[in-house]
Number of protein chains: 2
Amino acid sequence: MTTRIAIVEDDLTLRLALGRGLREDGFDVVLSTASGGDLLAGLGDSAPEVFVVDIGLPDTDGRDLVLALRARGVRAPVLLLTARGDVTDRLSGFRAGADDYLPKPFHFEELVLRLRALVRRGHQPADPPDGLFLDLAAHEVGCDGKSAGLTPTEFRLLAALLARPGEVVRRQALIAAAWPAGGIVHDNTLDSYLLRLRRKLAALGRADAIVTVRGVGYRVG
Amino acid sequence: MTTRIAIVEDDLTLRLALGRGLREDGFDVVLSTASGGDLLAGLGDSAPEVFVVDIGLPDTDGRDLVLALRARGVRAPVLLLTARGDVTDRLSGFRAGADDYLPKPFHFEELVLRLRALVRRGHQPADPPDGLFLDLAAHEVGCDGKSAGLTPTEFRLLAALLARPGEVVRRQALIAAAWPAGGIVHDNTLDSYLLRLRRKLAALGRADAIVTVRGVGYRVG
DNA sequence: GGATCACCTGGACACAACCTGACCGCGTGC
DNA sequence: GCACGCGGTCAGGTTGTGTCCAGGTGATCC
């Protein structure tokens, strides 16, 4: 039984080596691109069951790519390749929705083991968050034709919400997803951003997309 | 003989270390997730015999997760990992239905000893509480298709009831489960919440789900 | 039947959680 | 310098939740 896998790695040598090695280990490499934009463009209905993404991409931060994937309803596990096991990288990547990470340089065998573990754990497909979608390249949110630009913080915040359609996301989880680790974020700051997001969504005719669940958090869909 | 165990820990390093260590000590790690939602989603029929849960999860309070597990009829013992042995945390964790706790940082050996003790003590599986179920992610109660949103206090209260289907739960036990430690709760306040819960359950066509046992307490199922 | 008790019900109220609009500081680009 | 966009803060208003009261209902016992 083969597992469909997608690779995003800008270094050509490494990308080719990964593809060859994974194929030999029984993976079905359905996509192999150098940039996040190419991945999103080429996804189609290839439905990879697991992703390997380099965090240090030239066109996109790997974390934003994970957020964009999650916002599209993709729940397949993502393994991030990070440079030198940097703790900050690891934490923020994890918060973005990645499922595992591997610091470079790594043993190929460990990569395969971790991938197998991720796939074994299993993930269920998510319902797509009706109509709304995030455009990573343009850094904006769209809904049937119309679209609205987002600032980086707004983007991360909305992505964290869209990643879990129908679920209540706690305020703490939103802060963890949208702001860098360690920093102190006023509760009210989150409120402000929710307001800004709601305004922009209202302009798309989706004023009610973000629902408040008092005492718990927020929900979309 | 191996014991099936599930781990919920958001810190990646610690999660991996726990998994590796427990495996070496003869446990069968059937589930290892970073969030409460993932755990509930991934449970399937893996039927862990014991749980290790970090109380400080970003998406869910560990205590709510225990309540949700109990409400699903899961009776397997739960060990909570708490930060710095905070007494308040410990007490409220116990009230939520946890069976043991361990303050961080801890010696790995102590964790294993406590887990073995918990498993040895033995627990029997519970009958699922007919039809009604708590959705931790959406923070609501559901019954064949329909669902109703719950406020935090309502959620804890109903969870305490659903945790013991068929059993009579005393008023004092309900107050202890649904309200923070130390606070003084008027008897009548509990009455009010029972009323609200019954209203919401009535909207789901389960008006008679909560039965009064005069002089003792309340029972569901 | 009447007294008593446990529980139910509707409503009033305070306060915390949340929303909203405005403001300020900082960095960037013109 | 100035304009602008972005991130963050503040003060004030609004609303839902939690709490408590007052009175009602039904069971139980004498």
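Numbered from 1 within each chain, the chains take letters A, B, ... in sequence-line order. Everything numeric in this text was worked out from a predicted model, so none of it was measured.
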Item to complete: Scan T189(A) against the nucleic acid and name what it touches under 4.0 Å (heavy atoms): base, sugar-phosphate only, or nothing.
Response: base
Of the nucleotides [options], which has the atom closest to the [X] side chain?
| X | options | answer |
| --- | --- | --- |
| L195(B) | dT9(C), dC21(D), dG7(D) | dT9(C) |
| T153(A) | dC8(C), dG8(D), dG7(D) | dG7(D) |
| R199(B) | dT9(C), dC10(D), dG7(D) | dT9(C) |

Worksheet item: Do L65(B) and V78(B) have side chains that get closer than 4.5 Å, going by heavy atoms?
Response: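 Side chain of L65(B) against side chain of V78(B), heavy atoms only: no contact under 4.5 Å found.
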Atom pair distance, as rounded to whole Å: [atom1] in [X] and [atom2] in [N]:
| X | N | atom1 | atom2 | answer |
| --- | --- | --- | --- | --- |
| W179(A) | dG8(D) | CH2 | C1' | 9 Å |
| D187(B) | dT19(D) | CG | P | 13 Å |
| N188(B) | dG11(C) | CG | C1' | 12 Å |
| E154(B) | dT19(D) | CD | C1' | 13 Å |
| L194(A) | dG7(D) | CG | P | 15 Å |
| I175(A) | dG8(D) | CD1 | P | 11 Å |
| H186(B) | dC20(D) | NE2 | P | 5 Å |
| Y193(B) | dG16(D) | OH | C1' | 10 Å |

Worksheet item: If only side-chain N and O atoms of Y218(B) are considered, is one of them under 4.0 Å from the OP1 or OP2 phosphate oxygen of dA6(C)?
Response: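 For Y218(B), the contact criterion (side-chain N or O under 4.0 Å from OP1 or OP2 of dA6(C)) is not met.
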Worksheet entry | Any T212(A) side-chain nitrogen or oxygen under 4.0 Å from OP1 or OP2 of dA17(C) |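 For dA17(C), OP1/OP2 do not have a side-chain N/O of T212(A) under 4.0 Å.
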Closest approach of [X] to [Y] (non-hydrogen atoms, all atoms of both residues):
| X | Y | value |
| --- | --- | --- |
| E154(B) | G149(B) | OE1-O, 4.3 Å |
| P48(A) | L43(A) | CD-CD2, 3.7 Å |
| V52(A) | I5(A) | CG2-CD1, 3.9 Å |

Is [X] side chain donor-acceptor paired with the [N] base, going by distance under 3.5 Å alone?
| X | N | value |
| --- | --- | --- |
| S192(A) | dT9(D) | yes |
| R214(A) | dG18(D) | no |
| R156(A) | dG7(D) | no |

Discussion item. Assuming nearest nucleotide by heavy-atom distance, tell me which of R171(B) and R196(B) is located more 5' along DNA chain C.
Written reply: R171(B)
Worksheet item: Checking T212(B) side chain against R214(B) main chain: does a donor-acceptor pair fall under 3.5 Å?
Response: no
